[in-house]
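To start, the structure itself, in structure tokens.
Every value quoted in this text rests on a predicted model; they were computed, and no experiment measured them. Below, chains carry the letters A, B, ... as their sequence lines are ordered, and counting in each starts from 1. Hydrogens, waters and symmetry mates play no part in the numbers below; they use all other heavy atoms, side chains included.
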There are 2 protein chains.
Amino acid sequence: MTPQRLGVLKTLAGSVNHPTVEEIYEQIKRQFPTVSLATVYKTVSLLKGLNEVLELGFPDASNRYDGYRPFPHPHVICVRCRKIMDPELVNLEAISAEMSRKTGYEIQYHRLDFFGICPECRKSG
Amino acid sequence: MTPQRLGVLKTLAGSVNHPTVEEIYEQIKRQFPTVSLATVYKTVSLLKGLNEVLELGFPDASNRYDGYRPFPHPHVICVRCRKIMDPELVNLEAISAEMSRKTGYEIQYHRLDFFGICPECRKSG
DNA sequence: GTAATTGCAAATGGTTTGCAGCATC
DNA sequence: GATGCTGCAAACCATTTGCAATTAC
């Protein structure tokens with residue numbers, strides 16, 4: 001356990017808005033100016049392997065991280081400002097079991113994203 | 001309309017297995033050896049804009065394309081061999097409307113993926 | 001004949017990796 | 001003192017882009 005890792009942990013624990021690695025990095029740099037992006041990447045990857053953080057990867061944007069609820073759950077994503085919200089949970093276990101039965105796959109996890117325009121962006125045209 | 005574009009169209013129409021751009025490219029090159037990857041990328045992107053193909057982007061792998069059902073629907077993806085299946089449809093309209101009501105987002109589209117091990121990969125260890 | 005498309009090569013950008021030096025325990 | 005972490009810079013790689021030559025209509 002190093003100060004850098006502690007910084008990543010604290011940032012993730014204190015962030016409700018699904019930060020990017022870059023945002024985590026900027027946050028830590030305030031208190032620990034010599035930290036490197038690579039270290040943040042490595043730590044986040046480590047936490048992912050320990051199931052302490054949920055990674056939300058996007059092919060056309062930076063990955064986002066959720067340290068609050070490190071298990072699959074739906075997200076609602078604004079395609080304009082990229083804000084991400086966690087709506088109240090919808091349980092997909094039944095659908096997951098149905099998918100497994102229909103396809104023969106051994107389902108391990110899922111991902112459910114809704115894309116649209118958030119209330120703030122709707123207001124501003 | 002050019003022979004290259006026709007090739008992309010025919011390949012997408014004849015593929016049930018969600019090909020990558022690279023796979024589309026390899027297919028077309030058999031009949032049209034001078035085609036370039038860039039052209040395939042451009043054509044696929046064009047078709048995406050026309051809603052004639054569904055793009056399945058992955059942050060850690062190549063994008064996959066579905067010309068059969070160019071509208072959002074669930075996918076079941078093997079994390080080992082990357083095979084993608086289309087299970088029978090599950091209608092998410094009700095859940096989508098619920099998400100919209102709860103978050104105030106104007107939902108435009110969604111994405112539902114189940115990840116696991118396909119029957120063939122389960123057999124082979 | 002004009003506007004659009006092709007194909008090459010170079011750029012892009014988030015993420016990963018190699019490695020020397022350094023911190024942790 | 002040994003193991004493992006940090007941080008720099010370079011590598012990665014799917015995708016995108018600039019641009020000159022070519023093609024479609």
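Nucleotide C:dT5 holds its P atom 16 Å from the CD1 atom of B:I28, rounded to whole Å. When the C1' atom of D:dA14 is taken as reference, atom CZ of B:R82 falls 14 Å away, rounded to whole Å. For B:E26 and D:dA14, the CD to P distance is 13 Å, given to the nearest whole Å. Regarding B:Y25, its OH atom lies at a distance of 13 Å from the C1' atom of C:dT6, rounded to whole Å. Nucleotide D:dT22 holds its P atom 15 Å from the CZ atom of B:F32, rounded to whole Å.
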Contact pattern, 5' to 3', of nucleotides 13-25 of chain C - B, S or - by protein heavy atom under 4.0 Å: -SBBBB-----SS
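Residue A:T39 places none of its side-chain N or O atoms closer than 4.0 Å to OP1 or OP2 of D:dC5.
The side chain of A:R5 lies closest to D:dT6 when the candidates are C:dT6, D:dG7, D:dT6.
Ring geometry for A:F115 against A:F58 counts as perpendicular: the plane angle is over 60°, on a 0 to 90° scale with 30° as the lower cut.
Checking side-chain atoms of B:Q31 against main-chain N and O of B:I28 turns up no donor-acceptor pair under 3.5 Å. The main-chain N or O of A:T11 is found under 3.5 Å from a side-chain atom of A:S15 such that the two form a donor-acceptor pair. Not one N or O on the side chain of A:R80 forms a donor-acceptor pair closer than 3.5 Å with the backbone of A:R122.
Sorted by first and then second residue, the ring pair (Phe, Tyr, Trp, His ring centres under 6.0 Å) pairs with a member in residues 6-38 of chain B read B:H18-B:H75; sequence neighbours excluded.
Counting heavy atoms of neighbouring residues, nucleotides and ligands inside a 6.0 Å radius, atom NZ of A:K83 exceeds 12 of them.
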